[in-house]
Number of protein chains: 2
Amino acid sequence: MWCNSDIMEYTDKQVQIIDIAQDLFAENGYDGTSVRDIAKAADINVAMVSYYFGSKEGLLEAIFSRHAEYVRLKLENLIQDKSQSPFQKMEVIIDSYIDKYFSQQPFHKLVARSQLSNSNKPVKDMLNDMKKRNQDLIKRLIQEGQKTGDFKKNIDVQMLMSTMLGTANQVMTTQDFYREVNNMTDLPDEEFLKILKKKLRSHLQALFKAILKNED
Amino acid sequence: MWCNSDIMEYTDKQVQIIDIAQDLFAENGYDGTSVRDIAKAADINVAMVSYYFGSKEGLLEAIFSRHAEYVRLKLENLIQDKSQSPFQKMEVIIDSYIDKYFSQQPFHKLVARSQLSNSNKPVKDMLNDMKKRNQDLIKRLIQEGQKTGDFKKNIDVQMLMSTMLGTANQVMTTQDFYREVNNMTDLPDEEFLKILKKKLRSHLQALFKAILKNED
DNA sequence: AAAAATTAATTAAACGTTTGTTTAAGTTAA
DNA sequence: TTAACTTAAACAAACGTTTAATTAATTTTT
C-alpha cells in the first residue's frame, strides 16, 4: 500500500512514526537506530514500517520530504514581502534559522548526519535540491539589496550561507561543551538555551553586517 | 595484550589499522562500519581488532588519541612565537585549520560525526578535552592582542571558534554541492580544492578581521 | 651457538545477538 | 464480502566478540 509519490499526504499514524523516527535517528544515527527501536517507541508493530514506507530507508526519505515543502513556502513568502528592507529580511532569515535549529534540533542533527554520510543517494539528492532552492532565493534577496545600494558588491552567497548554517550547527552540536566551559550547568535548560540563542543571534548579525552592509 | 594508557606507542600494524579504520568510520560512520569491513580493508583477521584495541570502541578512542597530541603541540608552539603579531598568528591558525581540514577530511568527518552522536562517552570526553585545551590557547592569544590594542574588547571566543570550525566543516561536507552549483564539475579535483580553499581562507579572514580588529 | 621453553601474533571457526524484511494468520471497518 | 490494517513468528544475514588451535618470534637454558 505504501507509496513514494512526491505529493503524499500522511495519515496520523504515519506522521507519528515519522516524528518518533526522526528523534531516534537524530539521537542515535540512522544505522544506530533499529526498526525495532522505532516500533517500540512508536508503540507499533515492527512490520508497520515496511508496510507504510516500504523500507527503513523509505522512512528516512519521508522524514525529509515533510520538511522540504515547509521551508520553501516560508522563504518564498519572506522574499516577496515589500514592507521590509533587504537587511531586515536578512535578519529575519537569521532569526528563523536559529529558531528552527533550536526548536527542531533532532531534525537538523539528522540533516547534518546525512550530509556527512555518503550512502542514501536519493536522500542526499533531496537535501541538495532543498538547499539549492533556498540558496537561490537568498541570492535573489542579496541581489535586491545590491541594487538598492544597501549591500556590497562581490558577495559570495555560498560562503555566507556556509557561515550561517555552519556556525549555527556547530553551536548546536557543542552546546553542552559551551555550557560546561561557561559554568552554566546550574542554569535551567530553558534559560541556558535562551542565552545561547541570543549570543548566536547577535554574533551572526554582526558577521552579516560586516560582510553585507555598505559603509556609506 | 592491549592497553589504554595515555602514553602509548603504536606498532606499525596498529597504525595501519587505525588509519584504515579512520577512513572507513569517516566514510560510513561508526555504526555503519563493521569490524569485518575494517579487517578486510586492512588485510588482517577480524580478531585482531579486539586483540589490539580490546574492542571496536577502543579502536575509535585510539584514533582520536593519536591526533590529540599533534594538535596541542602545534598550537603551543605558535602561541609562543614572538616574531608574529597577534593577528598574524590568527591568520596562521586559520590557515592551519583549513589545511588540516582539507588534508585530513576523513578524520574531521569522524569528529563531526562523533560530536553529533551521544554514545561513546569516553570518546566525547576526549574530544571535549582537546577542544577545551585548544580554545584556552586561542583565548590567551586573543587576550594578548587585546593588551596590545590590536583587538577589540568583548570578543566571544567560543562564538568566533564556532564560526571558524562550523564554516570550515560546512564547506567541507557540502563541497560537492558547491562544485555542482558553480559548474566546476569539469575541473580537476586538485584545482577545485585549491580554489575552494582560497575562497574559504579569504572569507574567514574577512570575518575575523571584522570581529577582531580595532578600527583605529 | 643450538635447542628448548616461553611469549606474542595470527588464524579459522563458532558464539549468541541483533539486524531489516517477509510471511501468513488474524482483526477491524466499510 | 471485501479491503485495509495489525499482529506474532520466522527468516536469512550481519553484527561484535570469544575461543581454541597454530605459526612466528623472542627469550632462556644448555
Side-chain angles (χ1 to χ4, degrees), chain A residues 1-5 8-63 110 113-114 117-123, chain B residues 1-5 8-25 27-63 110 113-114 117 119-123:
Chain A
M1 80 116 260
W2 59 277
C3 95
N4 261 339
S5 147
M8 165 124 195
E9 285 298 317
Y10 298 109
T11 66
D12 289 353
K13 203 99 196 177
Q14 284 172 306
V15 170
Q16 175 200 351
I17 298 174
I18 286 177
D19 284 339
I20 285 177
Q22 182 177 293
D23 290 351
L24 291 178
F25 284 158
E27 201 72 15
N28 314 312
Y30 178 78
D31 291 316
T33 306
S34 72
V35 180
R36 285 175 175 82
D37 292 337
I38 299 168
K40 192 185 288 178
D43 198 32
I44 53 157
N45 190 274
V46 252
M48 297 310 293
V49 169
S50 290
Y51 179 72
Y52 275 133
F53 304 98
S55 65
K56 187 189 179 187
E57 189 165 315
L59 171 56
L60 182 62
E61 288 177 43
I63 291 174
L110 183 51
R113 278 180 185 282
S114 303
S117 167
N118 61 339
S119 55
N120 283 128
K121 184 74 165 51
V123 167
Chain B
M1 80 115 254
W2 59 278
C3 94
N4 261 339
S5 147
M8 165 124 194
E9 285 299 316
Y10 296 109
T11 66
D12 289 351
K13 203 99 196 176
Q14 285 172 305
V15 170
Q16 175 200 351
I17 298 174
I18 287 177
D19 284 339
I20 285 179
Q22 181 177 295
D23 290 351
L24 290 178
F25 283 158
E27 202 70 16
N28 314 312
Y30 178 78
D31 291 317
T33 306
S34 72
V35 179
R36 286 176 174 82
D37 291 336
I38 299 168
K40 191 185 288 176
D43 197 35
I44 53 158
N45 190 274
V46 251
M48 297 310 292
V49 169
S50 290
Y51 179 71
Y52 274 134
F53 305 98
S55 68
K56 187 189 180 187
E57 189 165 314
L59 171 57
L60 182 62
E61 288 177 43
I63 290 175
L110 182 52
R113 278 181 184 282
S114 303
S117 167
S119 55
N120 285 127
K121 185 73 166 51
V123 167

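Given the structure is predicted, the values throughout are model-derived calculations rather than measurements. All chains are named by letter (A, B, ...) in the order of the sequence lines, taking the proteins before the strands, and each is independently numbered beginning at 1.
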- Task: Could you pull out all residues at least two apart from A:D19 that satisfy side chain to side chain donor-acceptor pair (under 3.5 Å)?
- Result: A:R66

- Expressed in angstrom and rounded to an integer, what is the separation of A:L24 atom CG from C:dG20 atom P? 12 Å

- At under 4.0 Å between heavy atoms, which parts of nucleotides 6-22 of chain D does protein reach? Answer with one letter per nucleotide, 5' to 3': B base, S sugar-phosphate only, - none. BBB-B----BBBBB---

- Taking the side chain as every heavy atom from C-beta outward, state whether A:I38 and A:L59 have any atom pair closer than 4.5 Å. yes

- Note, B:F53 side chain near B:E61 side chain (heavy atom, < 4.5 Å): no

- Task: Would you check if the side chain of B:Q22 reaches a backbone N or O of B:I63 as a donor-acceptor pair within less than 3.5 Å?
- Result: no

- Item | Backbone N/O of B:S50 and side chain of B:K56: donor-acceptor pair under 3.5 Å | no

